[in-house]
Amino acid sequence: MKYYLTTPIYYVNAAPHIGTAYSTFVADLVKRFKKMEGFHPVVLTTGSDEHSRNVERAAKAANLSPQDYTAKMSAEFKNQWKHLGIDYDHFIRTSDPQHQETVRDLFERCRRNGYIYKGAYTGQYCVNDELYVNEAQPGDPCPECGRPTETVTEENYFFKLSAFQDRLLELYEKDPEFLKPDHRRNEIKSFVAQGLNDLSITRTNIPWGIPVPVEGHHVFYVWFDALISYMTAVKAEHLWPADLHLIGKDILRFHAVYWPAFLMAADLPLPKKVFAHGWILFEENKMSKSRGNVLHPGPIADVVGIDALRYFLLREVTFGQDGSFAYDALVQRYNADLANGLGNLASRTLTMINQYRDGRIPDSAGAGHIADAAKETTEQALEAFDAFNFSKGLEVIWGLISIIDKFIVERAPWQLAKDQESHSQKLLDETLYTAAEALRIVCAWVYPVMPESARKIWSQLGMPQPIESITVADLHWGRLAAGQKVGTVSGVFPRLDSKAIEKMLELEAAERERLAALFAPATAAPAAPAPGESAKISIDDFAKVDLRVGQVVSAERVKGADKLLHLKVDIGEAEPRTLVAGIAEAYPPEQLLGRKVVIVANLQPRKLRGIESNGMIVAASVEGGKPVLAGFLEDIPIGARLK
RNA sequence: GCCGGUGUAGCUCAGGUGGUUAGAGCGACGGUCUCAUAAUCCGUAGGUCGCAGGUUCGAGUCCUGCCGCCGGCACCA
């Protein structure tokens with residue numbers, strides 16, 4: 001039976017980081033595990049999502065054509081995955097020519113079934129997130145990224161998403177396996193239950209995209225073209241539907257709502273499962289470009305090894321929930337679990353076989369209670385891995401390592417070796433066989449998570465069969481052949497010292513420089529404004545903004561809104577200005593009383609929650625962080641203008 | 001504001017349908033063996049099980065209220 005799984009098709013506006021690597025590591029693990037379980041073929045698709053106005057602009061900023069820019073970016077992804085040992089089968093680029101055909105086919109199918117219509121859209125659009133902001137006013141910032149939205153008016157094709165509300169709800173209800181983890185399914189259920197709006201799926205005036213059939217000047221909306229790449233990749237092999245889409249929680253809605261609706265509309269089979277994992281935080285904080293705390297997998301892998309990074313992420317983070325990466329936690333877990341645990345067990349077991357049995361696996365059935373423990377371990381680990389609960393599975397497997405270590409101490413083979421009595425020698429045989437056989441089983445279990453390290457231990461055990469071909473049958477006790485010659489013993493996980501962290505920090509800094517250089521605008525080119533950056537303005541432009549010093553005279557929360565404060569600010573006019581500011585989460589109202597703040601005095605009035613806001617309070621903010629108000633160190637009279 | 005989740009030893013977390021002294025791993029401390037990567041193994045850790053009530057012979061385990069944290073939606077920057 002085949003098994004087809006996918007990673008997200010990664011958006012090419014940033015180089016791969018530890019978050020994208022995480023998704024991809026898990027996909028690689030699942031692929032190897034499913035192979036062990038006997039699925040055939042097991043096929044993994046990854047790729048790059050390359051269309052959109054934003055990509056087009058980024059390309060322009062780098063003084064490259066979209067083709068060249070995306071080629072460079074997708075090559076970077078491919079290089080990273082190669083460097084990280086990812087065993088993927090297909091790398092699909094949404095700009096691949098064969099992909100156009102699939103997209104058009106999907107569109108035609110939907111249209112033939114009556115789920116596409118032409119309509120006009122006027123509204124706010126965020127270039128950065130490819131997002132239409134339905135209820136936004138002109139000039140409003142994007143709810144996702146905070147960048148200003150742009151007003152667009154387009155005649156577009158719409159997808160009748162609203163027609164699928166019931167069928168989607170029925171899907172979630174009838175097939176709980178479709179969407180995991182459970183709490184994500186509940187979120188999506190309540191989202192869909194609130195009602196769905198039709199979706200504009202084409203764009204005009206963007207040359208960089210897949211042209212809509214017949215309509216030369218339309219291209220497809222990036223999500224309409226991206227999701228279907230999962231099908232393009234395996235069209236020739238007829239592997240659709242996918243058995244698993246691994247995604248991050250940030251793109252859940254596209255995969256759990258839009259995607260199945262598109263497929264329903266086209267009369268195509270639905271994927272079997274969508275699993276949304278959480279984010280990898282850096283020491284409890286969200287990683288983001290603007291915070292400058294994005295970590296990359298290469299520098300970490302170069303110091304501790306790819307496998308150790310994989311192990312850490314999978315063991316430390318409960319799959320499906322957010323998890324935290326920290327250098328010291330990585331080093332600690334490496335030393336405790338890999339060096340002292342698995343590495344040391346392999347080392348002591350193989351060394352004893354060399355010393356006491358001349359490097360040959362002794363003839364014995366092994367100790368029964370350890371065989372039982374191994375069987376129990378396998379059962380529990382299988383259950384955990386099948387449920388995508390990798391941290392639990394690894395915990396169970398490490399439990400067996402602990403049992404063997406204890407068993408070795410109880411039997412004290414170094415004592416038995418001194419006694420030439422046949423009883424002792426037989427017990428020594430049994431002890432060594434037991435340890436080696438249990439190690440073999442642990443090693444087989446470790447393979448999907450840490451392929452290279454498992455391969456090393458496997459070969460040190462002298463196993464004739466390549467580890468890539470093992471199956472669940474190899475997890476049974478007694479498959480280790482007596483008389484087999486073990487290989488040369490060498491440490492698989494050398495202990496790390498504190499210098500490892502310094503080294504990783506150094507390499508991370510170097511990696512950031514490399515990536516910055518790679519994606520920097522070409523030096524000779526005139527610097528076009530990139531998204532998030534600002535174009536230069538003249539002093540006259542600046543003079544248009546009336547910034548004033550004001551003093552807060554009253555502040556209260558706006559009922560029914562978490563983030564809004566209703567403020568009255570004295571800026572030296574007859575009456576204090578009334579304004580509404582989204583700073584309630586950062587500043588309790590009483591803390592603001594009497595505070596001097598900076599106000600944009602000539603902003604167009606706007607009603608928020610029924611209160612007319614006449615101006616704006618100036619605050620600095622970072623993505624995902626709370627706003628911080630601008631203020632003055634010296635005293636300054638109310639009403640003073642900033643210029 | 002609405003909906004959902006969650007709050008247990010320094011850290012990460014287990015603790016179906018309520019029942020003797022609340023557990024594991026890691027870290028820390030003490031001890032031990034010597035095959036092994038100063039590893040292993042053994043022992044110790046006295047934690048108001050968020051707070052306050054309630055049901056019950058008996059509650060981390062059920063109910064109510066409150067507080068904190070997280071997520072989704074709304075709202076918003």
Side-chain angles (χ1 to χ4, degrees), chain A residues 133 135-137 140-148 181-195 249 252-253 276 278-279 281 284 315-318 321-324 326 328-329 332-356 391-392 394-396 398-399 401-402 404-417 428 431-432 435 489-497 557-565 580-586 606 608-609 613 616-627:
Chain A
V133 189
E135 276 133 51
Q137 309 275 325
D140 277 0
C142 168
E144 291 299 319
C145 67
R147 294 179 175 85
D182 294 341
H183 68 275
R184 296 289 164 208
R185 183 173 57 250
N186 292 337
E187 283 172 17
I188 288 293
K189 267 160 94 170
S190 67
F191 172 77
V192 172
Q194 284 174 32
K249 63 181 183 182
L252 178 61
R253 190 185 299 174
W279 283 332
L281 311 174
E284 316 289 306
R315 174 64 185 84
E316 188 88 358
V317 180
T318 301
Q321 296 181 347
D322 286 355
S324 200
D328 54 349
Q332 189 182 308
R333 209 167 253 297
Y334 178 103
N335 282 335
D337 293 2
L338 300 181
N340 298 354
L342 178 57
N344 183 242
L345 175 65
S347 172
R348 69 193 306 203
T349 301
L350 295 165
T351 300
M352 284 191 286
I353 289 170
N354 272 327
Q355 282 182 19
Y356 306 141
S391 55
K392 173 70 178 174
L394 287 169
E395 191 183 330
V396 165
W398 256 254
I401 291 176
S402 173
I404 310 163
D405 269 332
K406 186 177 294 192
F407 169 76
I408 290 172
V409 168
E410 280 166 6
R411 286 290 179 91
W414 46 93
Q415 300 288 0
L416 295 171
L428 178 57
T431 304
L432 295 178
V489 182
S490 74
V492 182
F493 300 109
R495 277 185 76 82
L496 299 176
D497 58 28
R557 292 182 187 279
V558 176
K559 56 185 178 300
D562 292 345
K563 302 188 182 181
L564 296 182
L565 288 184
V580 179
I583 55 172
E585 290 184 328
R606 192 184 156 199
L608 295 169
R609 284 261 151 187
S613 182
M616 188 175 100
I617 195 158
V618 176
S621 62
V622 293
E623 198 178 320
K626 289 182 176 174

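Convention: sequence-line order gives letters A, B, ...; per-chain numbering from 1.
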*asked:* Please enumerate all residues that pass side chain to side chain donor-acceptor pair (under 3.5 Å) together with A:Asn335, with sequence neighbours excluded.
replied: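 Here no residue qualifies.
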*Residue list, side chain to side chain donor-acceptor pair (under 3.5 Å) with A:Lys249, at least two apart or on another chain*: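 Applying side chain to side chain donor-acceptor pair (under 3.5 Å) to A:Lys249 gives A:Asp322.
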Measure the distance from [atom1] on [X] to [atom2] on [N] and round it to the nearest whole Å.
X	N	atom1	atom2	answer
A:Gln415	B:rU32	CD	P	16 Å
A:Asp322	B:rC69	CG	C1'	13 Å
A:Lys189	B:rG72	NZ	C1'	14 Å
A:Arg185	B:rG4	CZ	C1'	13 Å
A:Lys392	B:rC13	NZ	C1'	10 Å
A:Ile401	B:rC41	CD1	C1'	16 Å
A:Leu281	B:rU12	CG	P	13 Å
A:Asp328	B:rG10	CG	P	18 Å

*Nearest nucleotide by nearest heavy atom, which residue falls closer to the 5' end of RNA chain B, A:Glu395 or A:Gln321?*
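The 5'-side residue here is A:Gln321.
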*asked:* Between A:Asp337 and A:Lys249, which residue's closest nucleotide on RNA chain B lies nearer the 5′ terminus?
replied: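 Nearest-nucleotide comparison on RNA chain B picks A:Asp337.
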Which value, in whole Å, describes the distance between the [atom1] atoms of nucleotides [N] and [M]?
N	M	atom1	result
B:rC57	B:rC51	P	25 Å
B:rC63	B:rU56	P	16 Å
B:rG27	B:rG10	C1'	8 Å
B:rG72	B:rU17	P	29 Å
B:rC67	B:rC29	P	42 Å
B:rU6	B:rG15	P	11 Å
B:rC49	B:rU21	P	15 Å
B:rC66	B:rG71	P	22 Å

*Under the salt bridge (charged side-chain N to carboxylate O under 4.0 Å, His left out) rule, collect the residues that match up with A:Arg411, sequence neighbours excluded.*
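Salt bridge (charged side-chain N to carboxylate O under 4.0 Å, His left out) check on A:Arg411 returns A:Glu430.
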*Among B:rG71, B:rC73, B:rC41, find the nucleotide with the atom closest to the side chain of A:Glu187.*
B:rG71
*Residues which pass side-chain contact (heavy atoms from CB on, under 4.5 Å) with A:Val489, listed by chain and number, not counting sequence neighbours*: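 Per chain and number, A:Val489 pairs via side-chain contact (heavy atoms from CB on, under 4.5 Å) with A:Leu350, A:Thr351, A:Asn354, A:Gln460.
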*For A:Ile408 and A:Trp414, run side-chain contact (heavy atoms from CB on, under 4.5 Å): C-alpha distance rounded to whole Å, both residues' side-chain angles, the deciding distance at 0.1 Å, then the answer.*
CA-CA 10 Å; A:Ile408 290 172; A:Trp414 46 93; 3.8 Å; yes
Once you apply a heavy-atom cut-off of 4.0 Å, does [X] come out as touching a base, just sugar-phosphate, or nothing?
X	answer
A:Arg411	nothing
A:Glu410	nothing
A:Arg184	sugar-phosphate
A:Glu316	nothing

Between atom [atom1] of [X] and atom [atom2] of [Y], what is the distance when rounded to the nearest 0.5 Å?
X	Y	atom1	atom2	value
A:Asp405	A:Asn344	CG	CG	6.5 Å
A:His183	A:Gln321	NE2	CD	7.0 Å
A:Tyr356	A:Leu428	OH	CG	8.0 Å
A:Leu416	A:Thr431	CG	OG1	5.5 Å
A:Asp337	A:Arg315	CG	CZ	6.5 Å

*Taking a pair as Watson-Crick (N1 to N3 plus N6-O4 or O6-N4) or G-U wobble (N1-O2 and O6-N3), both under 3.5 Å, which stems of 3 or more consecutive pairs involve RNA chain B?*
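Stem segments, range with range: B:1-7 with B:67-73, B:10-13 with B:23-26, B:28-31 with B:41-44, B:50-54 with B:62-66.
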_Syn-anti status, with the boundary at 90° from 0, for the nucleotide B:rG4_ =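 What B:rG4 shows is an anti base, its glycosidic angle lying more than 90° from 0.
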_Quick check: closest heavy atoms across A:Ala276 and A:Leu252, and the distance to 0.1 Å?_
CB-CD1, 3.9 Å
What N/O pairs connect the protein and nucleotides 35-37 of chain B at under 3.5 Å? Give each pair on its own line.
{"unit_1": "B:rC35", "atom_1": "O4'", "unit_2": "A:Tyr356", "atom_2": "OH", "d": "3.3"}
{"unit_1": "B:rC35", "atom_1": "O2", "unit_2": "A:Arg348", "atom_2": "NE", "d": "3.1"}
{"unit_1": "B:rC35", "atom_1": "N3", "unit_2": "A:Arg348", "atom_2": "NE", "d": "3.4"}
{"unit_1": "B:rC35", "atom_1": "N3", "unit_2": "A:Arg348", "atom_2": "NH2", "d": "2.5"}
{"unit_1": "B:rC35", "atom_1": "N4", "unit_2": "A:Arg348", "atom_2": "NH2", "d": "3.1"}
{"unit_1": "B:rA36", "atom_1": "O3'", "unit_2": "A:Ser347", "atom_2": "OG", "d": "3.4"}
{"unit_1": "B:rA36", "atom_1": "O2'", "unit_2": "A:Asn344", "atom_2": "ND2", "d": "2.6"}
{"unit_1": "B:rA36", "atom_1": "O2'", "unit_2": "A:Ser347", "atom_2": "OG", "d": "3.1"}
{"unit_1": "B:rA36", "atom_1": "N3", "unit_2": "A:Asn344", "atom_2": "OD1", "d": "3.3"}
{"unit_1": "B:rA36", "atom_1": "N3", "unit_2": "A:Arg348", "atom_2": "NE", "d": "3.4"}
{"unit_1": "B:rU37", "atom_1": "O2", "unit_2": "A:Phe493", "atom_2": "O", "d": "3.2"}
{"unit_1": "B:rU37", "atom_1": "O2", "unit_2": "A:Arg495", "atom_2": "N", "d": "3.4"}
{"unit_1": "B:rU37", "atom_1": "N3", "unit_2": "A:Phe493", "atom_2": "O", "d": "2.8"}
{"unit_1": "B:rU37", "atom_1": "O4", "unit_2": "A:Gly343", "atom_2": "O", "d": "3.1"}
{"unit_1": "B:rU37", "atom_1": "O4", "unit_2": "A:Phe493", "atom_2": "N", "d": "3.4"}

